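Below is one structure; the comments refer to it alone.
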Amino acid sequence: MAGLTLRDVKKSYGPVDVIHGVDLDIEDGEFVVFVGPSGCGKSTLLRMIAGLEEITGGDVSIGDRQVNDVDPAERGVAMVFQTYALYPHMTVEENMSFGLRMNGHPKAEIDKAVKNAADILQLDALLKRKPAALSGGQRQRVAIGRAIVRNPDVFLFDEPLSNLDAELRVAMRVEISRLHNELSGSTMIYVTHDQTEAMTLADKIVVLRGGNIEQVGAPLHLYDDPDNAFVAGFIGSPRMNFLDAEVTGKDGGVTVKLTKQNDTTITLPVAGDSLSVGDACQLGIRPEHMSVSDGAMLTLKVDVAEHLGSDSYIYAGSTQGKSLTIETNEGRNARHGTEFQIGIPPEKAFLFSADGLRAR
Amino acid sequence: MAGLTLRDVKKSYGPVDVIHGVDLDIEDGEFVVFVGPSGCGKSTLLRMIAGLEEITGGDVSIGDRQVNDVDPAERGVAMVFQTYALYPHMTVEENMSFGLRMNGHPKAEIDKAVKNAADILQLDALLKRKPAALSGGQRQRVAIGRAIVRNPDVFLFDEPLSNLDAELRVAMRVEISRLHNELSGSTMIYVTHDQTEAMTLADKIVVLRGGNIEQVGAPLHLYDDPDNAFVAGFIGSPRMNFLDAEVTGKDGGVTVKLTKQNDTTITLPVAGDSLSVGDACQLGIRPEHMSVSDGAMLTLKVDVAEHLGSDSYIYAGSTQGKSLTIETNEGRNARHGTEFQIGIPPEKAFLFSADGLRAR
Amino acid sequence: MFPKPIEKSSRATQIGYQAFLPLVLILWLLPLIAVAVFSVKPDADFTNGNYWGLPSSFEFFTNYGRVFFESDMPRYMLNSFLITVPTVIGAIALSSLTGFALGVYKFNGNLLIFFMFIAGNFVPFQILMVPVRDLTVSMNLYDTKTGLILFHIAFQTGFCTLFMRNFIRQLPFELVEAARVEGVAEWRIFWYVVLPLMKPALAALAVLIFTFIWNDYFWAVVLTQGPDAQPVTAGITSFNSQFRAAYHLMSAGSIVAALPPVLMFFLMQKHFIAGLTLGAVK
Amino acid sequence: MATASAAAPTARPQRSWYKRNEIAATPWLFLIPGILFFSVYVIIPIFQSVWISFHEWDGLGEMTWVGTANYERLLTDDRKFDVSFWNNVRWLFLYLLAIPAGLFIALFLNQTVRGIRLYKSMFFFPFVISQVVVGLVFSWFYLPREGLLNAILTFFGMEPVNILGDPALATYGIIAAGLWPQTAYCMILYLTGLNAVNPEQIEAGRLDGAKGLKMLWYVVLPQLKPATFIAFVVTIIGALRSFDLISVMTNGGPFGSTRVLSFYMFEESLSEFGFRMGYGAAIAVVLFFLMLFFIVYFLYSMWRDEKGAR
Amino acid sequence: ELSGDLRIISDMSNPAPRAVMESLAAEFGEMHPDLNIELEIVDREAWKTQIRNALSANPPDVINWYAANRMAPYVDAGLFEDITDMWDDGSLPGLDAVRGAMTLNDRQWGVPYTYYQWGVYYREDIFNELGLSEPATFEEEIANCQVILDSGRKCYAIGTKFLWTAGGWFDYLNMRTNGFDHHMQLARGELSWTEDEGVRETFANWRRLIDMGAFIDDHQSYSWQEALTFFTDGEATAYLMGNFAVAPMRDAGLGDDQIDFYQFPIITEGLAQGEDAPTDTFHIPSGAENKEAARAFLQFVTSADVQTRINNGENLGQLPVNANSSVDADEFLEQGFEMLSGNAQGGVAQFFDRDFPAEMASVGMEGLQEFMVFPDNLDDILERLEDARGRIYE
Ligand SMILES: Nc1ncnc2c1ncn2[C@@H]1O[C@H](COP(=O)(O)OP(=O)(O)OP(=O)(O)O)[C@@H](O)[C@H]1O
Ligand SMILES: Nc1ncnc2c1ncn2[C@@H]1O[C@H](COP(=O)(O)OP(=O)(O)OP(=O)(O)O)[C@@H](O)[C@H]1O
Ligand SMILES: [Mg+2]
Ligand SMILES: [Mg+2]
């Protein structure tokens, strides 16, 4: 078992820089999730750690060993691919034992490792089947089993659940989480662009954008205290509402008026050192934090209301501004066209300067 | 515009019965969603309505016309396929007008119909492009446009959003809903296995299982008042928890003890005519209805806690029973292994007899 | 990618590979290169035993001139075109019909008919020789291009049907269903929906059949004789007997005969390779 | 909206028979020309050949029923047939060498250096050229004195050989010539197959520590199975169609040692000294049964695949 | 006056004969302006397998073929037109001497247009250099050969790829060893290949040459034209061939002082010498469309002056079949004519593949080729020939 260190890691494909110098420390036994929009370099980073892509610059160390030029098979990592990459011509058992067989481990040891992994993942009944005869979730489990068998220091997952349907995805998510508890001590690095997965699985989330790290932190830390508008928008579902605003006063907090919402004013309890009166800025408020009773009240008209049972999502706009999303469990009566009032509680709102940085 | 009636509709492929005799009335202008697990016959039913599959038994009528043997083209239906089925070698405009052109409609009329559809769907700018040059969402819109152009009595959608990614799916869902408002009066039948779509779009949901209708009703009606355990479990996300129980008393409601939860007893305000003391039954409670303060209290230990920001999902079990899911917005401190108490409010719980029927 | 991409190996390996490639290629094509060199040599080189050396003089025009002006080669070439082109068109037309029928419709016997085409296509064609020759003779088509064309079309239809049908199978069936829902007649579906989508397959097949037919020798010998109707493959043997032991002329003749399919291959390379895989590997 | 209502079905008068049965009738209409052609020129002739093979017939006059006499002579005392048959067997086995050879070249060329596309197509070249030309080229290559092969052999201080003149070697010499284009064919099949190999599986293999030959054997080859299958089929067919090369390179000689069944049947059926159509047909039928083995195998695998499909 | 189409298929595919044929067609066309002549020249070797096809399917009006027994399959199959009437009614003056060669079943089936002697063509210059003279007996022949071999050359060029050249050697060796009559008996299937002592003797004589290494190596890989280079290069000093070989020899640059000709030497003393003098012919297929024009054409090519012209040294370089023609003043033609008219008392044979039934010839020549390469296989070969004899003559 081992931690992992990236120091100024860079990657370019020919003239194109894809990773711009990433520094990251991962503790032994941590579950780290890389998130970010498509094309931001998550997979590339993961594959550099695995040794499947060459490292253009910087150092990758696993444990205390610098592994830049070490063969993938010898880094002590195991990877679970998005498409599982099971060998279709081998049975589940052969798939799982393939790595050990290739490296000449004794048969007894291999059998034991396979049995152990099969136990953990409840694959015993499937050992003699070929991948084609398995369901998506079972294939996923075999792919994980193949990783477990090799008893690696670091597990790497590249969007392992994105090929599963919604329900199965939830189930497998829980299973992976359980697995991390069971294999306590294994370091896991997990790539996804599904932020629910990130929130629920991670000890630590790494938010990437365009080859740079935007923020690193525990999931709820990112949710509660994002560094910038990008992270704030990316973490949390439904997505945070952003409202155009302008600073109108700075005493005892920052007072802004919402320029597209009838100039409604609201005072946020933040210092806002970076802002001066008259600056354009953005106010962020999560759909679930809008309140019928509390804070600066807006008058909106329902575009579409979706009722999911306990919760409702209401998409509503004022005459001037773009549509806001409101999540509420008291919205069952909202219908297209009705007008209503909703408040922004100042203590739940975030303020971002024009360049997207959080004003605290 | 026309309603639709199915009377004892059956379908078999050779010896295999796929649809076992379905009766269904769809009002003119209604938005009906077929849901059900994979393979339950949703697509088959839809394709029988479209005329793409033969009807083995029973009658399908559109409006007042029995259409069992009518050509697909002459049923007054239009279908939007899961894969959109756009003709890749034709521009958007040609795609939309193809059906009319082939049937010899005058050019002026065609142009008008296309223009009208393009307006509704904001496709004007794309008319000269080929499908390959469109994004997923745009293709989806063209596919719908092609349906609109034919001005059908009934629109048929077969999982039209399942090829889109999560974010786009939400957006298109809202758009389809808006479209139904705009084309007020068109009957729409929509197949999905995503229950969120079903909940948010439908006027009426038809829940299918294994070729039979389990329940028909408005979305919130199904949520609030499911007829049986299958529907209760299928509608609502996360899925309802089911607890094994046994009837212990029947006065002033039904009293049950939860056999796998330390025989905790709880009295539900239902008549329960079908149940007698001693019967095994199941108690259903939705994750979002579990309460920290209210009802029959259980002691559970956290297996996995997922924190999504405002809400948390807690998967927790007692020593005896299977794991329960609890949705709460006050669970941030739950960690693997901690014990806690949670209550089942009797007025929110459902009772199902051993054969899965709801005991009211 | 397997084997390991060379750009991930050391510089020396890369250079080694780059240098090795042309060498191997030359070895691989050695016989052809030799013929090409033969074809520009003067007669004297052969009498002097200079078979494999460089040409003592460059006789391109003399040699090829003789091929074109002192033999029937031009006629044979023309025949080949007149046989190959109609065959390509005919076989493709027939097989797009059969391919469509077999690929789109479910009916009893579909698979059976399909298998009939495949099996017929793999039959050693010698077994057809006697009856087909007879048939051709009795239709008064012996030693005519038409006789050869008709047979080629029929025989190639087997292969083309296999190819077309598999290709149509790969097209999304929803396209056909969408058109049906829109009330488009079946033959219009074929013409307006399926055929345009088959363009790549048509191109690939056209190239493939062109080479097959151009290179056919057996049937040319069985069904035709003489420069009236015989294609260039048969012509080349007769050309060669005219110039027996005149290696330079035989080479030039062979090159002329081989050129059209080679050109075709280079011009339509993409389709050609696509064709091989489409048709064969499904 | 309302204006477009003409698109909705209007009157539905009595429809024609075709209209009513459009879906059932159309495939047959589409199939008629193809089936007609194919039957007349391929299917029926197969049966005719079998019929003819029970006769003695010169192609002109009356056919005389001789029962299985042709086959009896063929299988009991016809040395030419024996030679041809065993040569066919040789062809079948040795021709299969094209498969590993093609794979080898494909692996060699499966890189992305500059100009590789051109290289690939140049390597494919021999396949495009007519067998007549290939045969000619190779017979010069083998020429006993002037041939390039012997030039090379003597260069390395070895004895020259007269491959096409030696009955023990001639068949192998022709097979080698046939292997040249066939290898190119297999190569291209494998190249496209390699293109389709799932890169993630290769990467998984790398993580699992499979390298070089092990990777090839355990991970890559299994994925190339479809390509191998097709290569196998086309190679077998090619092996049985070796007529062109033989007739160009040796004309069956020396002293008939390079005859194969197809060549022999051609000789018998259309030779100078009389059309032995019946005897020729019998040879063809034997060849057909040899091939039937593979046809059935091929159809069976197709059928297995089809079962899964729609 | 002749009209319509006249389709001719000719196998005169070597350069010189080809030119002759083309000029004949052109000339005949000029004589008959309304006649449209279509001339197809096909490969001479290929024609041997194509002829039957051509005769039975879509037959042309005139074709080339060979005299004697080689006509038999087509005559028997009714594919050749009976033109006895032309021979009888005097339409073919001057051809009486060759009528026999065209006769089968007492009828005539075509006309000859040329014939030529066979014999040993040798490099006069090299003979002179080595001090050799034309041998008259086999022993002299062998002695000469030994000298030639010692000088690093081969005695005989030969290319047996198309088999028939070996037939020439057998013809001569057998006619000289056992005589013309024996040879013809063998051809008619009256003698056994395995039992007959004479046949074995012939092969024994042949084997003496083979064992010496008299023939060039790898002859089974060459056509006769390809083997000719050995002769022109001086690597082999003699070539047993028909007179048609002279034209390509001259084309290759050999002057008349470098080539000369002698009659095949005597082996068994006292036997009258038989000679091969194959006759090439024209026939009318029985299915021809324009038989009238075809007959006219046959008359035309056999006429005395046409015969004189086409057979002269610049054209075919062979002997005219018309008695009224003159033999060109060519060293070889004169010698040949003399030999055939004065020194072939044994008889004139057509050639192995014309005297033997076609199928026997085919099996036989394959065996002869094998014998030349593997003389040790003789017993096996003879058994095969005997086998074939049993089947073919019936
Ligand atoms: N082989 C390559 N050559 C050139 N550019 C590449 C290559 N592979 C990836 N890239 C580029 O590198 C960037 C990062 O790609 P990467 O696959 O890491 O993104 P990602 O974050 O995993 O996206 P996704 O969520 O879509 O998987 C992208 O812009 C991509 O276009
Ligand atoms: N052509 C067919 N032949 C035999 N069985 C079929 C055929 N088509 C469908 N079925 C069977 O009919 C049943 C219903 O299929 P259908 O496609 O309607 O399911 P579905 O509800 O649409 O599922 P999904 O959500 O996966 O699309 C399935 O069990 C399927 O296996
Ligand atoms: Mg990725
Ligand atoms: Mg479906």
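Convention: sequence-line order gives letters A, B, ...; per-chain numbering from 1. Predicted model, so just to flag it, every value in this text is computed and none were measured.
With a threshold of 4.5 angstrom between heavy atoms, D:Trp51 does not approach chain C through any atom at all. D:Ile35 touches chain C through backbone and side chain together, each having a heavy atom under 4.5 Å away. For D:Val219, no part sits under 4.5 Å from any heavy atom of chain C, backbone or side chain. Interface residue D:Ile43: only side-chain heavy atoms are found under 4.5 Å from chain C. Residue C:Phe265 touches chain D through its side chain alone, counting heavy-atom pairs closer than 4.5 Å.
The closest donor-acceptor contact from the side chain of C:Tyr17 to the backbone of D:Phe108 lies under 3.5 Å. Judged by distance alone, the side chain of C:Asn215 and the main-chain N or O of D:Val128 form a donor-acceptor pair under 3.5 Å. Using modelled atom types, one side-chain atom of D:Trp180 and one backbone atom of C:Trp28 make a donor-acceptor pair closer than 3.5 Å. The backbone N or O of C:Ile127 lies less than 3.5 Å from a partner atom in the side chain of D:Ser49, making a donor-acceptor pair.
With sequence neighbours excluded, the residues forming a side chain to side chain contact (heavy atoms under 4.5 Å, CB included) with D:Asn251 are D:Phe263, E:Phe162, listed by chain and number.
Listed in order of number, the residues of residues 24-32 of chain D that approach chain C to under 4.5 Å between heavy atoms are D:Thr26, D:Pro27, D:Trp28, D:Phe30, D:Leu31.
For C:Phe266 and D:Phe125, the distance between ring centers is under 6.0 angstrom.
Ranked by heavy-atom pairs under 4.5 Å with chain C, the first of D:Phe294, D:Phe266, D:Phe138, D:Phe229 is D:Phe266. The most heavy-atom pairs under 4.5 Å with chain C, out of D:Val133, D:Leu290, D:Asp244, come from D:Asp244.
Put simply, the side chain of C:Asn121 does not reach to within 4.5 Å of the side chain of D:Val42, judged on heavy atoms.
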